[in-house]
Structure formats: C-alpha cells, structure tokens
Amino acid sequence: MLKTTIIGASGYTGAELALMVNRHPELTLSGLFVSANSVDAGKPISSLHGKLAGLIDMPVEPLVDPVSVAKEADVVFLATAHEVSHDLAPIFLENGCQVFDLSGAFRVKGENFYQDFYGFEHQHEQWLDSAAYGLAEWNEAEIKEAQLVAVAGCYPTASQLAIKPLVESKLLDENQWPVINATSGVSGAGRKASMVNSFCEVSLQPYGVFNHRHQPEIAAHLGCDVIFTPHLGNFKRGILATITMKLADGVTEEQVQQAFATAYQDKPAVRLLEETLPRIQDVEHTPFCDLGWKVQGQHIIVVSVIDNLLKGASSQAMQCLNLRYGFAPLTALV
C-alpha cells in the first residue's frame, strides 16, 4: 500500500482527492495537511466537507515540518497555491516522495513565464525541466517515468483534449489560430469566500481577456498559438469549452472522425459523442471529458466538457498516479 498524503486538503480538490485515496485499493491515506495559519487546521475534514462524514474523519493538520511529513509518505498530492507548491515540491522530492502537483508551478518551461504570468521568479529549474506534464491521455510515457507530475490545468485539459487530435493529425489550417471560448463554474475560484466568487454576485462574464495564464500553457503544450477567452458562469462546477477552428484544404469529415477515434480509442476517460453535443450535467461528479463536434465547409466547432474539480484537477491527478504505478487508469474514479 502506498502511503499517500494530501497538502491543501481542506479545499474542494483536496476533499475530492481524499475520497479517491480512501477508495483506492492500493493507497492508504497517511495525512491531511493545510498551511500552519489556516483557519481549518485541527478540524476533522468531515466537518469541512459533509460528504466525507463516516468515511474520513481524520483531522486536517497544520503543516509545520514538511521534512517529517515527507518521511511518512510515499506519494504527496499538492493541492496548494502556485507559490506554495513551488516551495514545497522540492522538499518532498528530495526526500524521495512521488509528487503530483495540481498547481501551475511546474507546468510550463519558458523564459520569464513565471514572472510574467504568476508573479514570481522560478527557483527550481532542474525540477521544472524534469517534470512530466500531467495530461493523462497524451503524456503517458513521460508520466510513467517522472518523480514530479505537473497536473494539467482545468481549462487547458478541456481545450487540449479537443484540439490535440487535429493538431497531431495535421488537419488544421495553421494560419488560423483555434479560438477557445470556455466557461467555468464558480468552484474553479476555490473554496475561500470573496466578492468575486460569491454566488449572489456572479454574473456570466469574460475575464483575463488576452492575458490569462492558461493561454500560454495551452499554446506551449499544443505547439500552436490559440486565442483563449475564459468566462465565469453562475453554476457550481464544470467547464464547457466551445472551440472554433479552420481545417486545412481538402480535409474531410471522415478524417476528423478518424483522428478523434484514433486518439481516444483506448482512453476510457474521454467519451466521443456521435449524435449530440456535450452538456456539463453529463460530466458533473465524473472523471470524464465528453467531446462532440460539427463540421461545415472548412470550419469545425468542437465542444468539450469536464468537471473542473475532477478531470480538471483531482481525478486527472489520480489518473496520473494510476499511470505512474501501472494501475488501471480509472481505479478509484468510477
């Protein structure tokens, strides 16, 4: 049994991870931690997330000494802020832990990227260089070998799963950038209350226009530029991305169908819809990404939906763990 610790356990993704670890036949939950000054420190996780009552009643402890925590863990999930993961991941890695980081701290290798988009200077280039990007369906070989897996972001997951089959099959007109319009539920802003994510204050609106940090993440891992506009929706969970692309000259609908079928024929977390376009309600509380598309002339519109807390975060992290250790990919997820 792999002793598994979650840092940042009191948040939405931390709670989802705790539930998955609890039902995974090869894992045992060795610790739940939050920052030392967190108001949640010392409370049972079941008092913070009622769905865990009777399943996981262990307390969420303050993280005071990461080295001693590392010595009691085989696997560490970091469901922490980017700067926190940046500082903590090397400590756990240097003490022999396998680390799955759900933040953006190790996702993109690019000069000045972290200064420009995250507001801090990256201090751990060696770990940044060796990290595997945790987009489970596309980076299986790298994930299997990496001690540090930088789990893909929620918007990048929904977007890349929709675009990558067409990029890899060279079916797109490279002169026209894919245009991604994506809407996320309020839980994407985290559990901490603010006016920005107060349910009564949320009205459907775009944000981060032309400057959202997920745009360069998507572009870097696709290998092509994109226009990405995120929106905040007045619903709890889920992401719906509608992506408009231009096909290369002569590309047929049959080629598009074949590209998606080939990419995901043995990937159980991606479901291809034949007759209808995806809806968020069909993927809420599931680890699936549903994809559907329509072709007209030289243009294609692909619709991608995921649960932002699961396929966009915690279940993708667990998928990566399953790949890393050779377990069935959806173990503990369905």
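Index from 1, following the sequence. When reading the values below, keep in mind they use all heavy atoms of this one structure, side chains included, and skip hydrogens, waters and symmetry mates.
Residue V209 is found in a hydrophobic cluster whose other members, listed by chain and number, are W177, V179, F210, I227; membership requires side-chain heavy atoms under 4.5 Å apart, directly or through intermediates.
The backbone N or O of P156 lies less than 3.5 Å from no partner atom in the side chain of S159, so there is not a single donor-acceptor pair. No donor-acceptor pair closer than 3.5 Å links the side chain of D290 to the backbone N or O of P278. Counting only distance, with no hydrogens or angles, the side chain of S47 and the backbone of K43 share no donor-acceptor pair below 3.5 Å. Between the side chain of H124 and the main chain of H122, no donor-acceptor pair closer than 3.5 Å is present. H49 places no side-chain N or O within 3.5 Å of a backbone atom of Y12 that could act as its donor or acceptor partner. Checking side-chain atoms of S304 against main-chain N and O of A158 turns up a donor-acceptor pair under 3.5 Å. The backbone N or O of A248 sits nowhere less than 3.5 Å from a side-chain atom of E174 that would complete a donor-acceptor pair. With hydrogens and angles disregarded, no donor-acceptor distance shorter than 3.5 Å links the side chain of S46 to the backbone of A53. Remark: side-chain polar atoms of T331 are paired, donor with acceptor, to backbone N or O of A328 under 3.5 angstrom. Side chain of R213 to backbone of F117: a donor-acceptor contact under 3.5 angstrom is found.
You'll find the side chain of V305 stays beyond 4.5 Å of the side chain of D282, heavy atoms only. Between H24 and F327, some side-chain heavy-atom pair lies under the 4.5 Å cut-off. At a threshold of 4.5 Å between non-hydrogen side-chain atoms, the residues L55 and L19 count as touching. Counting heavy atoms from C-beta outward, V270 and Q265 have side chains that stay 4.5 Å or more apart. Residues P62 and F33 have side chains not in contact (no heavy-atom distance under 4.5 Å, counting atoms from C-beta outward). Looking at heavy atoms from C-beta onward, L32 lies in side-chain contact with I56 at the 4.5 angstrom threshold. Under the 4.5 Å side-chain criterion, counting only non-hydrogen atoms from C-beta, L78 is in contact with V99. In this structure, the side chains of L172 and K246 stay at 4.5 Å or more apart for every pair of heavy atoms.
Rounded to the nearest 0.5 Å, atoms CE (M58) and CG (L52) are 11.5 Å apart. Between the CD atom of E145 and the CD atom of E140 there is a distance of 11.0 Å, given to the nearest 0.5 Å. Taking CG of L310 as the start and CG of L333 as the end, the distance is 8.5 Å to the nearest 0.5 Å. K164 NZ to Y264 OH: the interatomic distance, rounded to the nearest 0.5 Å, is 8.5 Å. L148 CG to D101 CG: the interatomic distance, rounded to the nearest 0.5 Å, is 6.5 Å. Residue I7 holds its CD1 atom at 6.0 Å from OG1 of T5, rounded to the nearest 0.5 Å.
Here the shortest heavy-atom pairing between I45 and A18 reads CD1-CB, 4.3 Å. Closest approach of V34 and S38 over heavy atoms only: CG2-CB, 3.7 Å. When every heavy atom of G233 is checked against every heavy atom of V186, the shortest pair comes out as O-CG2, 3.3 Å. The two residues I300 and L166 have their closest heavy-atom pair at CD1-CD1, 4.1 Å. Among all heavy-atom pairs drawn from F77 and M318, the shortest one is CZ-CE, 4.0 Å. Nearest approach of A79 to L102, heavy atoms of both residues: CA-CB, 4.4 Å.
D74 and Q98 share no donor-acceptor pair across their side chains, judged by distance under 3.5 Å alone. For S85 and T80, the side-chain atoms include at least one donor-acceptor pair closer than 3.5 Å. Between Q319 and E137, the side chains place a donor N or O and an acceptor N or O closer than 3.5 Å (distance only, hydrogens not considered). A donor atom on one side chain and an acceptor atom on the other are not found under 3.5 Å apart for S169 and Q255. Using modelled atom types, one finds no donor on one side chain facing an acceptor on the other under 3.5 Å when comparing T13 with S314.
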Residues W127, E94; criterion side chain to side chain contact (heavy atoms under 4.5 Å, CB included); working and verdict: CA-CA 10 Å; W127 288 115; E94 287 157 11; 3.8 Å; yes
Residue pair R324, F100: steps toward the side chain to side chain contact (heavy atoms under 4.5 Å, CB included) verdict: CA-CA 10 Å; R324 176 71 178 83; F100 298 91; 4.1 Å; yes
Residue pair E16, K51: steps toward the salt bridge (charged side-chain N to carboxylate O under 4.0 Å, His left out) verdict: CA-CA 10 Å; E16 296 285 0; K51 68 180 180 181; 2.8 Å; yes
Side chain to side chain contact (heavy atoms under 4.5 Å, CB included) between T157 and K311, worked out: CA-CA 8 Å; T157 293; K311 185 57 175 161; 4.1 Å; yes
Trace of the side chain to side chain contact (heavy atoms under 4.5 Å, CB included) decision for Y325 with K144: CA-CA 7 Å; Y325 289 101; K144 283 182 175 179; over 6 Å; no
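A distance of 6.0 Å or more separates the ring centres of H82 and Y114. Taking the six-membered ring where the residue is Trp, the centroids of Y207 and H212 are separated by under 6.0 Å.
A 6.0 Å sphere centred on NZ of K236 holds no more than 12 heavy atoms belonging to other residues, nucleotides or ligands.
Between R237 and D307, at least one side-chain nitrogen of the basic residue sits less than 4.0 Å from a carboxylate oxygen of the acidic one, meeting the salt-bridge criterion.
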Show me, pair by pair, the donor-acceptor contacts under 3.5 angstrom made by side chains of residues 217-224, not counting sequence neighbours?
residue: E217; atom: OE1; partner: R107; partner atom: NH1; Å: 3.2
residue: E217; atom: OE1; partner: H214; partner atom: ND1; Å: 3.3
residue: E217; atom: OE2; partner: Y133; partner atom: OH; Å: 2.6
residue: E217; atom: OE2; partner: G153; partner atom: N; Å: 3.2
residue: H221; atom: NE2; partner: R107; partner atom: O; Å: 2.8

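Tested against Y155 for a side-chain contact (heavy atoms from CB on, under 4.5 Å), the candidates N308, I180, I239 yield a single pass: I239.
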